[in-house]
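Beneath this line is the structure, given in structure tokens, with notes to follow.
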Amino acid sequence: GEEVAQTPKHLVRGEGQKAKLYCAPIKGHSYVFWYQQVLKNEFKFLISFQNENVFDETGMPKERFSAKCLPNSPCSLEIQATKLEDSAVYFCASSQQTNEKLFFGSGTQLSVL
Amino acid sequence: AQSVTQPDIHITVSEGASLELRCNYSYGATPYLFWYVQSPGQGLQLLLKYFSGDTLVQGIKGFEAEFKRSQSSFNLRKPSVHWSDAAEYFCAVAAGSGYSTLTFGKGTMLLVSP
């Protein structure tokens, strides 16, 4: 596709439940990035992929968060046992190469109650 | 570790007036610098970027930014603001593997008055 597609747009979970977010990068883009935006403040980098391989995971929390990009499937970000502080907008972005323009999706608003 | 500071949380500018949004960065090597804009409920759109070369960078929508190494700054400017420019603006520096990971500032909200 010509845009980064993120689903769902909104996700509500009770504390302790699992949340799974999806991202379809632009066709032909090799790199996928996940960012977390809390309270409309700064964006926090989580993880990036080069095709199906983890490229940089320095921002990924050690516990409860995992991500995958499998061939012929949307990329996913999964949060096990969600906590209140996981409430945020999660943005996915893709690019053809590193250092090139990132194209951002519209985000998934995760609300943990 | 790299960091980005945007000193102004909010700025109000009259329509037609000039605009300058401040950005200071901290990074040990040559930085790759970006300005993004976020409209309400939307993702980020790239306005412009600096990798090397001419320190005055032109972007979309009439924006420009100037990289000043001596001041560790990358301020965004526009000569005449339009009401549609009202949005949140984020400065970012690229670091990490392949300079792919962005570190963002906390953003500056631009309000445009009639």
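Every chain is numbered from 1 and lettered A, B, ... according to where its sequence line falls, protein lines coming before strand lines.
For Gln37(A), the part lying under 4.5 angstrom from a heavy atom of chain B is the side chain only. With a 4.5 Å cut-off on non-hydrogen atoms, Thr58(A) does not touch chain B at all. For Phe33(A), the part lying near chain B is the side chain, with the backbone staying farther off; criterion is any non-hydrogen pair under 4.5 Å. Contacts between Tyr31(A) and chain B at a heavy-atom distance below 4.5 Å are absent for every atom of the residue. Looking at Gln6(B), there are no atoms closer than 4.5 Å to chain A (heavy atoms on both sides), in backbone or side chain. For Gln38(B), the part sitting under 4.5 Å from any heavy atom of chain A is the side chain, from C-beta outward, and nothing else.
A cation-pi geometry, defined here as NZ or CZ lying under 6.0 Å from the six-membered ring centre and within 45° of its normal, holds between Lys78(B) and Phe63(B).
Cysteine sulfur proximity is not satisfied for Cys75(A) and Cys23(A), their SG distance being 2.5 angstrom or more.
Residues Tyr36(B) and Phe43(A) place their aromatic rings such that the two centres sit no closer than 6.0 Å. The six-membered or imidazole ring of Phe34(B) lies near that of Phe51(B), with a centre-to-centre distance under 6.0 Å.
When Trp34(A), Tyr35(A), Tyr90(A) are each tested for a ring pair (Phe, Tyr, Trp, His ring centres under 6.0 Å) with Phe45(A), only one passes: Tyr35(A).
In this structure, Thr82(A) contributes its side chain and Gln17(A) its backbone to a donor-acceptor pair below 3.5 Å.
Ranked by heavy-atom pairs under 4.5 Å with chain A, the first of Leu102(B), Leu44(B), Val4(B) is Leu44(B).
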